[in-house]
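Counting from 1, the numbers follow the sequence of the chain as shown.
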Amino acid sequence: MIRLWGKSHHDQEKDLQKSESKIDELKAALGPLSGRSLLYCNDACLKRYLEARNWNLDKSKKMLEETLKWRSTYKPEEIRWSEVASEGETGKVFRANFHDRHGRTVLILRPGKQNTTALDNQMRHLVYLLENAILNLPEYQEQMVWLIDFTGWSFNTSVPIKSARDTINILQNHYPERLFLAFLYSPPRIFEAFWKAVKYLLDAKTFQKVKFVYPKDKSSVELMSSYFDVENLPTDFGGKSTMNYDHEEFSRLMAQDDVKSANLWGFGDKLQHASNGHSVAEVSQEPPYLAPAS
């Protein structure tokens, strides 16, 4: 059920009827779907594409059809952790073991820990984690947040503009309305030059979702505490949790999620063993992949 806040009950009902009508129109415009496209294009999905294109039916249809074409060739749901695990060895991107105050999945990005040079595999690693973040959303939530830690970041570790463009293109065009906010925590001065080049690649909606956060700024501290429980938030982001990324334990969790994803998309019987060499029976249920710092 679509929830609409900040309006009277009558207005909510009217808006709900209008949005459901638009969803039905988009569904009809797409025509018959089957297989994974049918699984992907549920009502919540159609709503996200409509919102991304300001409820313009033709533009939403075009956007969604381009995504279906991209998914049919890129096959993001088939990427397995074993294929991208080497990208994650330093913990440059991983799903946090906590949510924000509203149940959104949290992805932690640490660009200063870049450890590879193959841009294609870097992208597959990120797409894998986008899919994984969505897989782990609670039923009532559809969005994720990004926490970006700039410790160790330099122009030597920054992604090329082309890679940044490709990342933004995939996020904006194929995962619309999945990002709630991206918190850029304490970016260095030299990041400003990179940001000036990249920000023009963002559409207006995505641009508004980027928040610069500085630990000595009162409004920044208040912003972070409004979205996160400081007891769960790592100290790298102004919280009280002193934890380190444990690649082995995170790999075990991804092995478990690979099985869950395969079952969701209808090819679970083909997955005899989960990624990184762990059989399904070996996968721990709740691995503490953010281990306490020593």
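- Within the 4.5 Å cutoff, no side-chain heavy atoms of F98 are placed close to those of D229.
- Side chain of N54 to main chain of N56: no donor-acceptor pair is present (N/O by atom type, distance under 3.5 Å, no hydrogens or angles).
- Counting heavy atoms from C-beta outward, L68 and C41 have side chains that approach closer than 4.5 Å.
- When atom types are taken as modelled, the side chain of Q208 and the backbone of V210 share no donor-acceptor pair closer than 3.5 angstrom.
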Set out, in order, the CA-CA distance, both residues' side-chain angles and the distance that settles side-chain contact (heavy atoms from CB on, under 4.5 Å) for L223 and F212, then state yes or no. CA-CA 10 Å; L223 179 68; F212 284 77; over 6 Å; no
I'd like to know whether T116 forms a side-chain contact (heavy atoms from CB on, under 4.5 Å) with K92, so could you lay out the CA-CA distance, the side-chain angles of the two residues, the decisive distance to 0.1 Å, and finally the verdict. CA-CA 10 Å; T116 63; K92 64 185 177 187; 3.2 Å; yes
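- Contact record, Y185 with M224: CD1-CE, 4.5 Å, taken as the closest heavy-atom pair.
- Proximity of a side-chain donor or acceptor of T90 to a complementary backbone N or O of K113 within less than 3.5 Å is detected.
- Taking every heavy atom of both residues into account, R48 and P176 meet most closely at CD-O, 3.4 Å.
- Judged by distance alone, with hydrogens and angles left aside, the side-chain atoms of R101 form a donor-acceptor pair with the main-chain N or O of S225 at under 3.5 Å.
- By the criterion of side-chain heavy atoms lying less than 4.5 angstrom apart, applied directly or through intervening Ile, Leu, Val, Met, Phe, Trp or Tyr residues, W146 is grouped together with M123 in one hydrophobic cluster.
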Apply side-chain contact (heavy atoms from CB on, under 4.5 Å) to residues V198 and I168 and explain how you reach the verdict. CA-CA 9 Å; V198 169; I168 291 168; 3.6 Å; yes
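- By the 4.5 Å heavy-atom criterion applied to side chains, L264 and L39 are not counted as neighbours.
- Between atom CD of residue E142 and atom CD of residue E139 there is a gap of 11.5 Å, rounded to the nearest 0.5 Å.
- Both L38 and L30 belong to a single network of hydrophobic side chains, linked directly or stepwise wherever heavy atoms of I, L, V, M, F, W or Y lie under 4.5 Å apart.
- Side-chain contact check for S21 versus Q17: every heavy-atom pair is 4.5 Å or farther apart.
- Ring orientation note: the planes of W70 and Y175 are nearly perpendicular, at an angle over 60° on the 30°/60° scale.
- Nearest approach of L233 to F237, heavy atoms of both residues: CD2-O, 3.3 Å.
- There is no side-chain donor-acceptor pair under 3.5 Å between E65 and Y49.
- Atom CZ of residue R178 and atom OG1 of residue T105 lie 9.5 Å apart, to the nearest 0.5 angstrom.
- Side-chain N or O atoms of Y40 include none that pairs as donor or acceptor with a backbone N or O of C45 at under 3.5 Å.
- Listed for the T67 side chain is a donor-acceptor partner under 3.5 Å among the backbone atoms of N173.
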Check against salt bridge (charged side-chain N to carboxylate O under 4.0 Å, His left out), R53 and D58: CA-CA 9 Å; R53 290 296 179 260; D58 291 337; over 6 Å; no
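- Both W265 and L33 are assigned to one and the same hydrophobic cluster, defined by single-linkage of ILVMFWY side chains at heavy-atom distances under 4.5 Å.
- Between K47 and W55, some side-chain heavy-atom pair lies under the 4.5 Å cut-off.
- In this view, E222 satisfies the salt bridge (charged side-chain N to carboxylate O under 4.0 Å, His left out) rule with no residue, not counting sequence neighbours.
- Salt bridge annotation for D166-K162: present, with a cationic side-chain nitrogen under 4.0 angstrom from a carboxylate oxygen.
- One hydrophobic cluster, built from ILVMFWY side chains closer than 4.5 Å, cannot hold both W153 and L119; they sit in different ones.
- In terms of heavy-atom proximity, S86 sits nearest to N121 at OG-ND2, 4.4 Å.
- Summarising the geometry, atom CZ belonging to R71 is positioned 4.5 Å from atom CD belonging to E131; distances are rounded to the nearest 0.5 Å.
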For R110 and T151, run side-chain contact (heavy atoms from CB on, under 4.5 Å): C-alpha distance rounded to whole Å, both residues' side-chain angles, the deciding distance at 0.1 Å, then the answer. CA-CA 7 Å; R110 290 174 163 148; T151 301; over 6 Å; no
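- Between the CD atom in Q141 and the CG atom in D100 there is a gap of 7.0 Å [rounded to 0.5 Å].
- Summarising the geometry, atom OG belonging to S60 is positioned 6.5 Å from atom CG belonging to L57; distances are rounded to the nearest 0.5 Å.
- Ring orientation note: the planes of W81 and H247 are tilted relative to one another, at an angle of 30° to 60°.
- N169 places no side-chain N or O within donor-acceptor distance of the main-chain N or O of R165, the cut-off being under 3.5 Å.
- Aromatic pair Y227/F180: ring centres closer than 6.0 Å.
- Taking the six-membered ring where the residue is Trp, F194 and F191 present tilted rings, their angle falling between 30° and 60°.
- A donor-acceptor pair under 3.5 Å is formed between the side chain of N136 and the backbone N or O of N132.
- More than 12 heavy atoms of other residues, nucleotides or ligands shown are found within 6.0 angstrom of NZ on K199.
- Side-chain contact check for M144 versus L130: some heavy-atom pair is nearer than 4.5 Å.
- When all heavy atoms of R95 and L107 are compared, the pair lying nearest together is CA-CD2, 3.7 Å.
- Residues R80 and S261 are in side-chain contact: their nearest non-hydrogen atoms beyond the backbone lie under 4.5 Å apart.
- Under the 4.5 Å side-chain criterion, counting only non-hydrogen atoms from C-beta, L147 is in contact with F228.
- Note that OG of S163 and CG of D120 are 9.0 Å apart. Values are rounded to the nearest 0.5 Å.
- The two residues V93 and L109 make their nearest non-hydrogen contact at CG1-CG, 4.1 Å.
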Dump the intermediate steps for salt bridge (charged side-chain N to carboxylate O under 4.0 Å, His left out) on K205 and E51, then the final yes or no. CA-CA 10 Å; K205 282 190 174 183; E51 287 182 334; over 6 Å; no
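- Remark: side-chain polar atoms of K211 are not paired, donor with acceptor, to backbone N or O of L181 under 3.5 angstrom.
- Under the 4.5 Å side-chain heavy-atom criterion for grouping Ile, Leu, Val, Met, Phe, Trp and Tyr, V221 is not connected to F183 through any hydrophobic cluster.
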